[in-house]
S.K.: 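Quick one: the structure is below, questions incoming.
A, B, ... follow the sequence lines: proteins, then strands. Residue 1 opens every chain. What you see below is based on every heavy atom in this structure, not just the backbone, and it leaves out hydrogens, waters and symmetry mates.
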Number of protein chains: 2
Amino acid sequence: MSENVSVYDVARLAKVSPSTVSNVLNGRLDRMRPETTERVMKAMEQLGYTPNQLARQLKTGNVPMIGLIVPSVANPFWGAVARNVEEVAQSLGYQLLLCNAERDPEREQRYAEAMWSSGIRGVIFGSSPLSFDHLVPLAHRGLQVVAFDRQSQSADQVVVDSIGVDNTLGARLAVNHLLTEGHRRIGFLSGPIRTVSRLDRLAGYQAALKNAGVEPDPALIWEGASVSAFGDIEGVEMGRAGARTLLSRPERPTALFTVNDMYALGAYAGARDLGLHVPEDVSVIGFDDLVPLTEISVPMLTTVRQPLPQMMCEAVELLIGRLSKSRTGPPEHVVIEPELIVRESTASPISHIAVDTLTINKE
Amino acid sequence: MSENVSVYDVARLAKVSPSTVSNVLNGRLDRMRPETTERVMKAMEQLGYTPNQLARQLKTGNVPMIGLIVPSVANPFWGAVARNVEEVAQSLGYQLLLCNAERDPEREQRYAEAMWSSGIRGVIFGSSPLSFDHLVPLAHRGLQVVAFDRQSQSADQVVVDSIGVDNTLGARLAVNHLLTEGHRRIGFLSGPIRTVSRLDRLAGYQAALKNAGVEPDPALIWEGASVSAFGDIEGVEMGRAGARTLLSRPERPTALFTVNDMYALGAYAGARDLGLHVPEDVSVIGFDDLVPLTEISVPMLTTVRQPLPQMMCEAVELLIGRLSKSRTGPPEHVVIEPELIVRESTASPISHIAVDTLTINKE
DNA sequence: CTGAAAGCGCTAACAG
DNA sequence: CTGTTAGCGCTTTCAG
């Protein structure tokens with residue numbers, strides 16, 4: 001249970017001064033004879049010395065750690081995000097402090113403040129709330145934030161870097177695919193639309209319909225109310241409920257575009273509840289491309305892919321660029337093109353026999 | 001970009017001494033006049049003062065943070081673990097430092113050391129490697145560790161608290177269920193069996209068979225070799241490959257017990273690849289009960305549930321009990337009884353019509 | 001090439 | 001009730 005071996009102890013044993021030990025620690029070997037280095041190293045080993053990072057951090061102000069605030073890592077999507085962020089942060093010499101904020105601005109702020117006061121100077125927000133106003137004070141003090149899936153709006157009091165796919169485009173890709181398959185009554189399934197990403201996906205959905213001369217029917221837009229605090233994992237439940245509702249309408253939609261893959265999988269269940277088959281009776285298309293879930297679902301899910309590895313890599317590099325002062329200037333917004341991954345959950349509404357034989361003309 | 005408001009600044013403004021400010025900070029209000037408190041508070045606000053946790057931690061040695069080392073949060077199971085750990089740690093005033101070690105002992109050790117040197121004194125290991133020998137030095141210095149799903153063996157050089165389900169029992173529950181359904185050729189599907197939990201599940205599988213007078217056939221045990229570093233998410237791929245292999249044997253198994261739910265879902269795919277149906281042609285039973293995946297899969301997955309919320313709650317309490325010195329003494333091993341959740345992926349091998357009409361006699 | 005000394009911001013005796 | 005003081009363990013000028 002030894003605790004307290006300090007540079008002084010090492011110094012004494014090696015018969016040098018503490019500052020020399022510090023120099024060894026920091027690789028400034030050019031300032032001393034190789035033999036001195038040697039002696040110091042040996043002493044460290046003998047004493048089982050480990051540098052106290054807290055002291056170092058207090059002194060230098062450098063805390064090699066970034067924060068990641070997500071709705072909930074229990075959601076496979078955010079789990080994957082965390083996994084990717086950790087991977088690249090690690091490779092850049094940073095550790096990851098993870099927080100689940102459950103989309104609660106207060107919690108977000110509390111976390112961000114706690115991070116700031118433990119020396120963390122950069123955080124990635126996965127939650128992408130509509131406004132970052134609650135972060136203004138911290139941002140003013142110098143907290144760097146990069147937002148996932150959210151560009152700061154002109155109305156914002158604080159500008160942040162951001163990274164994300166073009167959600168509007170993604171939604172249009174999805175809906176256009178459905179449209180060219182021949183669908184006209186296309187439902188939109190989502191939970192509370194309180195994030196820009198969801199807003200954008202809805203906008204893209206509506207735009208694509210209008211573009212094709214189809215008037216969006218508000219009755220086909222289902223916006224579930226979040227029930228519990230455990231929110232995210234329930235995309236499945238919400239998707240299921242939403243699908244049941246929409247598919248029970250007198251003139252039911254022939255296709256469902258969902259705000260993410262969990263909702264889509266839930267929609268499968270909802271359809272099944274009503275004795276409907278995917279894609280024969282109803283096409284379903286998701287968002288995210290949560291491999292491997294999308295590949296093992298039956299039928300395999302057609303969805304819009306967000307290339308997480310690249311995205312999170314960019315995000316971390318953006319952030320660390322700021323932290324290391326190697327990047328300054330106005331906020332950057334990296335927007336990535338999403339890709340439609342066509343699998344088995346979408347088909348023509350006319351007949352499930354002639355599925356692939358229709359002439360498909362891209363918009 | 002202000003950084004550096006210290007207790008001294010506050011003290012000066014409030015016309016008190018730094019120690020008084022410190023006392024306010026630490027809620028020792030009984031040591032001063034209410035009006036003094038008032039003045040200090042006002043000064044803090046005026047200056048936008050935030051206590052520097054690093055300094056406090058350096059001074060007191062208390063770092064309210066615990067570490068969690070898992071194979072990969074991209075795996076929904078570990079994501080759920082992280083989620084639960086964070087939840088209760090948070091409620092006990094601790095934050096969570098998360099690391100993906102990819103089951104690599106070296107990485108585990110590096111992380112654990114980094115944690116130690118930043119003042120973290122307790123970590124939860126999800127990876128549950130076969131041996132904790134690599135942690136001996138840290139444990140000797142006083143690092144508290146609780147292992148998930150792994151009791152320390154007598155041969156261990158270091159004893160740690162642990163929490164986990166009775167994996168042997170879980171496996172027996174699963175296999176017995178299959179046995180009473182009438183299955184005799186039951187396959188075991190797993191990735192590398194290098195953790196006690198997997199070892200135990202295998203043992204339980206074998207024990208249950210023997211108990212029923214069925215000689216375990218080594219040819220029905222499939223132990224996939226881990227391919228990539230991204231390991232865990234690939235349970236699905238491995239399960240698929242394993243199922244294909246086992247189900248292609250001349251006398252193919254009529255049921256598959258998999259080491260976890262991801263493998264089970266992969267097994268679905270493998271069966272499908274061969275034109276086989278679950279559960280008509282082959283029963284599948286998993287482990288973990290990854291809700292909601294198990295409930296939206298088709299068919300819904302029969303599996304052995306690990307009650308994560310309780311388990312992680314226990315784990316964190318165990319750990320924080322040690323950290324706060326409120327618990328001392330020999331290592332504790334909390335073992336929880338797993339529960340068999342029967343859904344739709346298991347049926348009698350004889351006929352898929354008579355499924356539920358057999359006389360079922362529990363062992 | 002190496003050492004002495006002054007803090008980083010906070011806390012905790014111990015005096016007053 | 002409140003102030004003085006001495007560090008926590010490390011880094012970093014600045015002298016030797």
Side-chain angles (χ1 to χ4, degrees), chain A residues 2-41 43-44 47-64 113-114 116-121 141-142, chain B residues 2-41 43-44 47-64 113-114 116-121 141-142:
Chain A
S2 63
E3 272 270 356
N4 29 20
V5 202
S6 81
V7 277
Y8 286 89
D9 302 313
V10 177
R12 202 174 316 125
L13 210 169
K15 296 190 190 310
V16 295
S17 84
S19 61
T20 303
V21 178
S22 172
N23 283 333
V24 172
L25 241 38
N26 293 286
R28 283 183 281 268
L29 303 181
D30 50 316
R31 296 196 193 169
M32 69 195 85
R33 264 187 244 107
E35 37 183 303
T36 312
T37 309
E38 192 71 4
R39 267 211 328 280
V40 172
M41 301 278 261
M44 286 183 180
L47 297 172
Y49 170 76
T50 330
N52 180 326
Q53 297 298 339
L54 285 173
R56 173 202 291 256
Q57 287 166 15
L58 173 59
K59 182 66 187 176
T60 64
N62 284 331
V63 178
E113 246 148 32
W116 173 267
S117 66
S118 18
I120 293 175
R121 292 297 173 260
R141 286 165 171 226
Chain B
S2 64
E3 272 269 356
N4 30 19
V5 202
S6 81
V7 276
Y8 287 89
D9 302 313
V10 177
R12 202 173 318 126
L13 209 169
K15 295 189 189 311
V16 296
S17 83
S19 63
T20 302
V21 178
S22 171
N23 283 332
V24 174
L25 242 38
N26 293 287
R28 284 183 279 269
L29 303 181
D30 49 315
R31 295 196 194 169
M32 69 195 85
R33 263 187 244 110
E35 39 184 298
T36 311
T37 309
E38 192 71 4
R39 263 208 334 277
V40 172
M41 301 279 260
M44 286 183 182
L47 296 172
Y49 169 76
T50 329
N52 179 326
Q53 297 299 339
L54 285 172
R56 172 202 292 257
Q57 287 165 14
L58 173 60
K59 180 67 187 177
T60 64
N62 283 332
V63 178
E113 247 149 31
W116 174 266
S117 65
S118 15
I120 294 175
R121 292 297 173 260
R141 285 162 172 230

S.K.: Rounded to whole Å, how long is the line connecting atom CZ of B:R12 with atom P of D:dG3?
M.R.: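 The answer, rounded to whole Å, is 14 Å.
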S.K.: Of the nucleotides D:dC8, C:dG3, C:dT11, which has the atom closest to the B:L25 side chain?
M.R.: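 So the nucleotide nearest the side chain must be C:dT11.
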S.K.: Which part of the nucleic acid, if any, lies within contact of B:N23, taking any heavy atom under 4.0 Å across all strands shown: a base, the sugar-phosphate backbone alone, or nothing?
M.R.: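 Nothing, no nucleic acid heavy atom in range.
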S.K.: Does a nitrogen or oxygen in the side chain of B:R28 sit under 4.0 Å from OP1 or OP2 of C:dA12?
M.R.: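 Yes, within the criterion.
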S.K.: Compare side-chain N and O positions of B:Y49 against OP1 and OP2 of C:dC10 and report whether any pair is under 4.0 Å apart.
M.R.: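 For B:Y49, the contact criterion (side-chain N or O under 4.0 Å from OP1 or OP2 of C:dC10) is met.
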S.K.: From CG of B:L58 over to C1' of C:dC8, roughly how many Å is that when rounded to an integer?
M.R.: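 Answer to the nearest Å: 9 Å.
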S.K.: Under 4.0 Å between a side-chain N/O of B:S17 and OP1 or OP2 of D:dG3, yes or no?
M.R.: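 Answer yes for this pair, as a side-chain N or O of B:S17 is under 4.0 Å from OP1 or OP2.
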S.K.: Measure from the side chain of A:N52, starting at C-beta and using heavy atoms only, and say which of C:dG9, D:dT11, D:dC10 lies closest.
M.R.: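 Among C:dG9, D:dT11, D:dC10, the one nearest the side chain of A:N52 is D:dC10.
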S.K.: Any side-chain N or O of B:R33 under 4.0 Å from OP1/OP2 of D:dC1?
M.R.: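 The answer is no; no side-chain N or O of B:R33 sits under 4.0 Å from OP1 or OP2.
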S.K.: Can you identify which nucleotide, out of D:dC10, D:dC8, C:dT2, has its nearest atom closest to the A:P51 side chain?
M.R.: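 The listed nucleotide nearest to A:P51's side chain is D:dC10.
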S.K.: Nearest to the A:T36 side chain among D:dC10, C:dC10, C:dT2, which nucleotide is it?
M.R.: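 Closest of the options to the side chain of A:T36: C:dT2.
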S.K.: Could you state the OH-P distance from A:Y8 to C:dA5, rounded to the nearest angstrom?
M.R.: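 Between P of C:dA5 and OH of A:Y8: 10 Å.
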S.K.: Can you tell me how far C1' of D:dC8 sits from NZ of A:K59, to the nearest Å?
M.R.: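 Going from NZ in A:K59 over to C1' in D:dC8 covers 13 Å.
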S.K.: Starting at atom CG of A:L54, determine the distance to atom P of C:dG9, rounded to an integer number of angstrom.
M.R.: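 Taking CG of A:L54 and P of C:dG9, I get 15 Å after rounding.
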S.K.: Nearest whole Å is fine: how far is C:dT2 C1' from A:L29 CG?
M.R.: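 The answer, rounded to whole Å, is 14 Å.
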S.K.: Step by step, would you call B:Y49 with B:L25 a side chain to side chain contact (heavy atoms under 4.5 Å, CB included)?
M.R.: CA-CA 11 Å; B:Y49 169 76; B:L25 242 38; 3.5 Å; yes
S.K.: Reckon A:S22 touches a base, only the sugar-phosphate, or nothing at all at heavy-atom distances under 4.0 Å?
M.R.: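 The answer is base, as A:S22 lies within the cut-off (heavy atoms under 4.0 Å) of a base atom.
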S.K.: Roughly, in whole Å, what's the span from CG in A:D30 to C1' in C:dT2?
M.R.: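 The distance from CG of A:D30 to C1' of C:dT2 comes to 13 Å, rounded to the nearest Å.
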S.K.: NA contact type, B:T60, heavy-atom cut-off 4.0 Å: base, sugar-phosphate, or nothing?
M.R.: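 Sugar-phosphate only.
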S.K.: With a non-hydrogen cut-off below 4.0 angstrom, is B:R31 in contact with a base, only sugar-phosphate, or nothing?
M.R.: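 B:R31: base contact, heavy atoms under 4.0 Å.
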S.K.: Report the residue (A:V7 or B:M32) whose heavy-atom-nearest nucleotide on DNA chain D is the more 5′ of the two.
M.R.: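 Between the two, 5'-proximity favours B:M32.
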S.K.: Side chains of B:V16 and B:V10, heavy atoms from C-beta outward: is any pair under 4.5 Å?
M.R.: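 No. Closest side-chain heavy atoms not under 4.5 Å.
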S.K.: Give a yes or no answer on whether the side chain of A:R121 reaches the backbone of A:W116 with a donor-acceptor pair at less than 3.5 Å.
M.R.: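 Yes, because the side chain of A:R121 sits within donor-acceptor range (under 3.5 Å) of the backbone of A:W116.
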S.K.: Can you identify which nucleotide, out of C:dT2, C:dA12, D:dG9, has its nearest atom closest to the B:S19 side chain?
M.R.: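 Side chain of B:S19 sits closest to C:dA12.
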S.K.: Can you find a pair of side-chain heavy atoms, one from B:M32 and one from B:T20, that are under 4.5 Å apart?
M.R.: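 The answer is yes, as the side chains (C-beta and beyond) meet within the 4.5 Å cut-off.
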S.K.: Do A:Q57 and A:P64 come close enough that some side-chain heavy atom pair is under 4.5 Å?
M.R.: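 Touching, per the 4.5 Å side-chain cut-off.
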S.K.: So which one's nearest nucleotide on DNA chain C is more toward 5', A:T20 or B:Q53?
M.R.: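 The answer here is A:T20.
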S.K.: D:dT2 C1' sits how many Å from B:N26 CG, rounded?
M.R.: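 Rounded to the whole Å, the gap is 16 Å.
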S.K.: Judged by atom type as modelled, is there a donor-acceptor pair below 3.5 Å linking the side chain of B:N26 to the main-chain atoms of B:R28?
M.R.: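 Flag not set: sc B:N26 to bb B:R28 has no pair under 3.5 Å.
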